[in-house]
Amino acid sequence: MIISSRIHDHFAASRLLSFCALSESGDLHYATKLFNNTQNPNLFMWNTLIRGHANSQIPEKSVFLYVQMRKLGVVPNNHTLPFLLKACSNCGYSESCKQVHTHVFKFGLELELHIVNALMRGYCVSTDLEGARQLFDEMQERNLITWTTMISGYVQNFCADEGLVLFNKMILEDFEPNGATFASVLSACADSDCLELGERIHGFIKTKNIEIGVILGTALVHMYAKNGAIMKAKTLFDKMPQRNIATWNVMICGLAGHGHAQEALTLFQELDKGQIIPNDITFVGVLSACCHAGLIIVGREIFNSMKRVYGVEPKIEHYGCMVDLLGRGGKVAEAEELIKEMTWKADVVILGALLAACKNHRNIEVAERVVRDIQALEPDNHGAYVVLAGMYAEAGRWEDVRGLRTTMRRAKLNKTPGWSKADVDN
DNA sequence: CTAGGGTTAG
C-alpha cells in the first residue's frame, strides 16, 4: 500500500487500520504507528483506535486519544462514545462516566440506543445503580441489550432480588430474553436461592433451543450447585463439551460448600492433569474443602504449592482459610504465626477465625493478643471482649473478667461527647 | 461503501 500510494487513500487505510487495531491477529502498536503517519485522520480512524485501546492493557490511551481528537475539533458520533465509556470503565475512572454523559448531551446523542446502553453500563460498573436506573427509566426506547445490561448491573452489584424483579418486568413487557440475559438471571437465582425459577429457566432454554455454551453452562452449574442440587450440577458439568476455569470453580466451590470435600479435591486433581490452570478462586474452594473436612496436612501442602507450583499469589482469603483450618485443628500457635507472615494487616474476619480457635482450644494467651488487635481495628466492636470474658470465666479467672468489664466501660465513656480520654483516666 | 452494545466463578 505504501509503494502504490494506496496508503493515502483514507478509505483503504481505514480498512488496514481497523484490521491492525481490532483483529486478534492484529497489532495495536502497528496500528498506532499507521495512525500517527496519517494526515488528518477521519472520524472512522479515531473511533477505531479508541476502540482498539479500550480493551487493551492501556485503556487510558483511549481517553487520551479522545481528548486529542476534541482539541482538533473533531466531533464524536454514536460509534465514539460507547468505546470511550468502555475504556473509562476499564481504567476504573468512575467519575468520568458523568463527564462523558455531558458530552452525550453536548453533541445531541442522547437518543442513540447504543450510547445510552453504554452509559447505563458505565454507571453500573461504577456501582451507581441509581444513576443507571434513572437512565433506564427515562429511556424512550429499550431493546434486549438495555434490559440485559440493567439486570446484570443489579446482579453484579449484589442486588440479585432487584435484578429478578426487573427480569419479571421484562417478561411482562414481552421482551424475549436470550442466553446473555439468562446467564445474568441464573446468577441472580444462585445468589438468592431461587431453585424453582432457575429450573424453569433451564427448561425454557432447552425448549427454545438456546445453545448452552461455556458461559450459560457455567451459570446453570453455579445455580444448581449454590442451591444444593449438587447431583444436577455435577451431571450438567460432566456433560459440558467446553469448560473454562470459571466452570471448574463453580463446581469445586459448590462441592466444597456442601460437604463434598473429597470430591472437590478429586476435581482439583483432574484439573491439574488438564490444560486448565487454577486461579485464586479455585484455591479458595479447595482450601475451604480441606477446612470442612479437617484435612490439615493436605491443606497445608496445597497452600504451600499455590505460589511455587501454580504461580498464584495467596491473598488474605487464602490465609483466612488456613487460619480457620489450623485453628479448628487446634494448631493455634501455627495459625497465629501464619497471620504474622502476611504482608497485609490482619482484618477482623481473619482475627475472628483465630479468636474462635482460641476459644475452642482454650488458649487464653493468644486470645488476649487477638482481642487487642481486633479492638485496635474496631473500637466499637465489643464482641471480642465478650468472647474473652467468657474464656476467663470458664477458667475461673474472675479478677480478669472484672478487669475486662472496666476496660469496656472505659471505652464506652471515651466515646461519649464531652469526655476526653484524660477525663476518664483521671 | 468501512464499525458497535449485554453474558459465567469466591
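Since the structure is predicted, the reported quantities are computational estimates derived from the model, not experimental observations. All values below come from the heavy atoms of this structure, side chains included, with hydrogens, waters and symmetry mates left out. Each chain gets a letter, A, B and so on, in the order its sequence line appears, and its residues count up from 1.
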I'd like to know if the side chain of A:Q134 pairs up with that of A:E138 as donor and acceptor (distance under 3.5 Å, no hydrogens or angles considered).
yes
Does the plane of the ring in A:F167 sit parallel, tilted or perpendicular to the ring in A:F182? Use 30° and 60° as the thresholds.
perpendicular
Using the six-membered ring wherever Trp is involved, compare the ring planes of A:H103 and A:F107 and label them parallel, tilted or perpendicular (cut-offs 30° and 60°).
perpendicular
A:K71 NZ: over 12 foreign heavy atoms closer than 6.0 Å
no
A:R70, CZ atom: more than 12 neighbouring heavy atoms under 6.0 Å:
yes
Mind listing the residues from residues 163-178 of chain A sitting with a heavy atom below 4.0 Å of DNA chain B? Number order is fine.
A:N178
A:D238 and A:T235: CA distance, side-chain angles, deciding distance, side-chain hydrogen bond (donor to acceptor under 3.5 Å, both in side chains) verdict
CA-CA 5 Å; A:D238 289 336; A:T235 313; over 6 Å; no
Looking for any heavy atom pair under 4.0 Å, which part of the strands does A:I252 touch: base, sugar-phosphate only, or nothing?
nothing
Describe the nucleic acid contact of A:F182 in one word from base, sugar-phosphate, nothing, applying a heavy-atom distance below 4.0 Å.
nothing
Below 6.0 angstrom between ring centroids: does that apply to A:W248 and A:F268?
no
So for atom CG, which belongs to A:D137, do other residues, nucleotides or ligands contribute more than 12 heavy atoms lying within a distance under 6.0 Å?
yes
Just call it for A:Q156: base, sugar-phosphate, or nothing, with non-hydrogen atoms closer than 4.0 Å on any strand.
sugar-phosphate
Boundaries of the chain A footprint along DNA chain B (any atom under 4.0 Å from a heavy atom)
B:dC1 to B:dG10
Heavy atoms only, 4.0 Å cut-off, all strands: where does A:S18 land among base, sugar-phosphate and nothing?
nothing
Within the structure shown, what part of the strands sits under 4.0 Å from A:L144 by heavy-atom distance: base, sugar-phosphate, or nothing?
base
What contact category does A:H222 fall into here, base, sugar-phosphate, or nothing, at under 4.0 angstrom with non-hydrogen atoms?
sugar-phosphate
